[in-house]
Amino acid sequence: MDFQDIGIMIVAGGRSLRMGRDKRFLELDGCSMIERLLKKTAAIPFRERYLCGAAESAELSALCSAYGFTFVADSRSAAGPLEGIRSGLAHLQADYALAVSCDMPLFSYDLLRALLTAANGELAIIPVVGGRRQPLAGIYHRQILPVMEAALSRGDNKIGLVIEQVPHKLVELADSDAFFNVNNPADFRLVQGRLLNAQRPVPLLTISAPQSNTGKTTFIERLIPCLKAQGLRVGVVKGDCHGYDVDEEGKDSWRFRQAGAAGVAVVSPQGYFIQQQTEKRANLVDIAGRLADVDVVLIESRNHGTMPKLSLWRGLGELLVDEDTVAVFSSGEHGEIPVRQYDIDDIAGAAKLVQFLCAPSGKDIEGKGAFQ
């Protein structure tokens, strides 16, 4: 069995209660999440294509027309993704269809080829990633339809219980961030940061704090060995408003500067440094781009960093959460904020977060997935 033998059902209910707005139309790289998935799907030769949603709209109709989908509306309101799968299967002509949620912007169809080869008459073939079942990236036989309809008639909307009632197969897949779901504003910011880094020659991440003496340098100092242990070569760019001097008085390079050189470079068998005089403060992101042979660059700065940004707080000043902030590492709780919160000493959590935000475009750091 291959993709051309089965149908595809994009499940896009649209309630988005935890997001607070319709997440289907949140933009990533200038494209809504739902269009992003429809575009990926259009490149795969599925036999049938269905977009399953609560109600049709002009926007959804236009997308279906553009990418070759048939819109199928739910018959039951507030019945969750199980109703979306049921409505798609009710129209299916092929034996099997793949159901995929529209809120997985990192999703790749190539990961599910193992499900196609594993199917052997079961009514559900479900991937398992990092110990978690992924029913919204599973394959369903249309003969499961009566069981779904019976469950929905009872008011039971849980996909997992339906799967347990029928012959099914669980297929273990390697951990992958491709199954990361965008459920709330904090998830959305993480994906924004990751996709922004995917466009950069080298991924960047800013470590910021509202005031000095919060411990940015110490935080980075503790984080570097964790990232290095995962095989990442780390570069650091530090913003300093007090000025600096990397040279010792009397050294040749110091003498060149004293003589009026605007820039001095020293090259040795072990490495090099360049000290460049500028009329105005250099852009930290530009400087980060000059670092060679690194996999990620950490920028330490209060005001001059870029997304994705980790904000530190240790009781000094007001917590900084701006549009570039994707997570907070703090010594206290801060109630409802649109980013994930960690303890300021959770360096392992920080390392995992950096790995997610800086994973190479199109693939995940080996063995480091299922960040959800």
Notebook entry, point to check: CZ of F329 to CD1 of I347: how many Å apart, nearest 0.5 Å?
Noted result: 7.5 Å

Notebook entry, point to check: How many angstroms lie between NZ in K169 and CD in E122, if you round to the nearest 0.5 Å?
Noted result: 4.0 Å

Note to self: Please check this pair: side chain of Y140 against backbone of P135, looking for a donor-acceptor N/O pair closer than 3.5 Å.
What the structure shows: yes

Margin query: Checking side chain to side chain contact (heavy atoms under 4.5 Å, CB included) between L227 and each of I220, V354, D295, which is the one that passes?
Written below: V354

Note to self: Contact between S330 and R314 at the side-chain level, heavy atoms closer than 4.5 Å - yes or no?
What the structure shows: no

Next item on the list: Find the distance between CG (L38) and SG (C31) and round it off to the nearest 0.5 Å.
Entry: 8.5 Å

Next item on the list: State the OG-CD distance between S61 and E56, to the nearest 0.5 angstrom.
Entry: 3.0 Å

Margin query: Under a 3.5 Å cutoff, is there a donor and acceptor pairing between the side chains of E300 and T217?
Written below: yes

Note to self: I'd like to know if V326 and L320 are part of one continuous hydrophobic network [Ile/Leu/Val/Met/Phe/Trp/Tyr, side-chain heavy atoms within less than 4.5 Å].
What the structure shows: no

Margin query: Could you check whether any side-chain heavy atom of H334 comes within less than 4.5 Å of a side-chain heavy atom of V321, counting everything from C-beta outward?
Written below: no

Check: Backbone N or O of G84 within a donor-acceptor pair of the S87 side chain at under 3.5 Å?
Finding: yes

Item checked: Minimum-distance pair of heavy atoms, taken over all atoms of G335 and Q341 -> O-NE2, 2.9 Å

Next item on the list: Taking Q165 for its side chain and M148 for its backbone only, find out whether a donor-acceptor pair lies under 3.5 Å.
Entry: no

Notebook entry, point to check: Going hydrophobic residue to hydrophobic residue with side-chain gaps under 4.5 angstrom, can you get from M1 over to L89?
Noted result: no

Note to self: Check E48 with R142, please: is the shortest side-chain N to carboxylate O separation under 4.0 Å?
What the structure shows: no

Next item on the list: Might you point out which heavy atoms bring L82 and D156 nearest each other, and give the distance in Å?
Entry: CD2-O, 3.7 Å

Check: Does the side chain of Q355 come within less than 4.5 Å of D177's, by heavy atoms?
Finding: no

Notebook entry, point to check: Looking at CG of L173 and CD of Q134, how far apart are the two atoms once the value is rounded to the nearest 0.5 Å?
Noted result: 9.0 Å

Next item on the list: May I ask you to test the N181-D187 pair for a side-chain heavy-atom distance under 4.5 Å?
Entry: no

Checklist line | Side-chain H-bond candidate by donor/acceptor type, R200 with N197, under 3.5 Å | finding: yes

Notebook entry, point to check: Any sub-3.5 Å donor-acceptor pair from R24's side-chain atoms to A12's backbone N or O?
Noted result: yes

Next item on the list: Taking the side chain as every heavy atom from C-beta outward, state whether L353 and L190 have any pair of such atoms under 4.5 Å apart.
Entry: yes

Next item on the list: For the residue pair F188 and L28, establish whether any side-chain heavy-atom pair is separated by less than 4.5 Å.
Entry: yes

Notebook entry, point to check: Do L136 and I159 come close enough that some side-chain heavy atom pair is under 4.5 Å?
Noted result: yes

Notebook entry, point to check: Does the pair N157 and L152 meet the rule for a side chain to side chain contact (heavy atoms under 4.5 Å, CB included), with working shown?
Noted result: CA-CA 6 Å; N157 303 336; L152 288 164; 3.4 Å; yes

Next item on the list: With rounding to the nearest 0.5 Å, note down the distance linking CD in E27 to CD in E35.
Entry: 9.0 Å

Note to self: Between S176 and A178 (side chain of the first, backbone of the second, donor and acceptor by atom type, cut-off under 3.5 Å), is there such a pair?
What the structure shows: yes

Item checked: For the student: nearest non-hydrogen atoms of S208 and K309, plus distance -> OG-CD, 3.2 Å

Next item on the list: Determine whether L98 and V11 fall in the same hydrophobic cluster, where Ile, Leu, Val, Met, Phe, Trp and Tyr are linked whenever their side-chain heavy atoms lie under 4.5 Å apart.
Entry: no

Check: Are L312 and L357 grouped together when hydrophobic residues (ILVMFWY) are joined by side-chain heavy atoms under 4.5 angstrom apart?
Finding: yes

Note to self: For Y109 and F107: C-alpha separation, side-chain torsions, deciding distance, then whether ring-ring contact (aromatic ring centres under 6.0 Å, His included) applies.
What the structure shows: CA-CA 7 Å; Y109 283 106; F107 179 75; 4.9 Å; yes

Margin query: For a quick test of reading the model, state the closest non-hydrogen atom pair linking P105 to R36 and the distance between them.
Written below: O-NE, 3.1 Å

Notebook entry, point to check: side chain to side chain contact (heavy atoms under 4.5 Å, CB included) with I10: which of Y50, Y67, F69?
Noted result: F69

Check: Do NZ/NE/NH1/NH2 and the carboxylate oxygens of R113 and D2 come within less than 4.0 Å?
Finding: yes

Notebook entry, point to check: Can you check whether T206 reaches L310 side chain to side chain, under 4.5 Å on heavy atoms?
Noted result: no

Check: Minimum heavy-atom separation for Y342 to A327, with atom names?
Finding: CE1-CB, 4.1 Å

Next item on the list: Run through I8, L37, V72, I34 and flag the one making a side chain to side chain contact (heavy atoms under 4.5 Å, CB included) with L51.
Entry: I34

Item checked: Mutual orientation of the aromatic rings belonging to F356 and F180 [parallel < 30°, tilted 30-60°, perpendicular > 60°] -> tilted

Checklist line | Minimal non-hydrogen separation, A350 against F219, with atom names | finding: CB-CZ, 3.7 Å

Next item on the list: Please list, chain by chain and in numerical order, all residues satisfying salt bridge (Lys or Arg N to Asp or Glu O under 4.0 Å) with D343, sequence neighbours excluded.
Entry: none

